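Shown next, in structure tokens, is the structure this report addresses.
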Amino acid sequence: MKIFGVGRNYADHAKELGNEIPDEPIIFTKPETAVLKNDAPFYYPTFSQDIHFEVELLIRISKEGKNISPRFANKYFNEIGIGIDFTARDLQTIAKKKGLPWDIAKGFNGSAPLSLFVPLAQFPEDKNINFSIYQNKELKQVGNSKQMIFDFSYLVAYISKYFTLKKGDVIFTGTPSGVGSIAVGDLLEAYIEGQKMLICEIK
Ligand code: ZN
């Protein structure tokens, strides 16, 4: 299983971190050891003093493909979920300044809590799916898939130019504005269309 992330896919989030809007998706990966399933808690690591939550819609790849054309890309995914792209913002800021890769800031253990997946067909439109995250019962991020700079199909086609996609691979499709720091004792709760899909306690 491969996990892909997309940087700056929501203009308002790019702006809040002082980044430019990209011409093409900014792709990074997380290893399988980043996955947290079944609402498992996240253990705050000692190597960072500033871990941020980023709530994101996930799509799961349903069949193998490479060099997929954007026109047919929707044949390659049929399930959606929600995830948190935990980011060690302090390490990422240093990496960005030095022009270094983001791997340790994005791919560390437990950095990818995933919800269960549900059929995308459950939603009338791919381009109008609301999602949100609460931190200690306070609403922190609200997004809608229509705000994505690059939509699901574009991302699948683009990623498949470089990486053969396999059944079960997961794409984190980017975060809207409102990201913030977590602390030990926090409770994060993520929703798609009012349905609680994921909880994550910080320990
Ligand atoms: Zn992200």
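Whatever order the structure lists ligands and atoms in, that order sets their numbers, starting from 1. Since we're looking at a predicted model, the values are computed, not measured. The chain is numbered in sequence order, starting from 1.
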Glu56, N/O/S atom nearest the Zn ion (ligand 1):
OE2

For the pair Phe108 and Phe42, name the ring-plane relationship: parallel under 30°, tilted 30 to 60°, perpendicular over 60°.
tilted

Have a look at Glu54 and say which of its N, O or S atoms is nearest the Zn ion (ligand 1).
OE1

Assess the side chains of Lys106 and Thr87: does a donor N or O sit below 3.5 Å from an acceptor N or O?
yes

Taking the six-membered ring for Trp, are Tyr134 and Tyr191 parallel (under 30°), tilted (30 to 60°) or perpendicular (over 60°)?
perpendicular

The Zn ion (ligand 1) to Asp85: nearest N/O/S atom name
OD2

So, applying side-chain contact (heavy atoms from CB on, under 4.5 Å) with Ser153, which one of Asp126, Ile68, Ile59, Asn74 is it?
Asn74

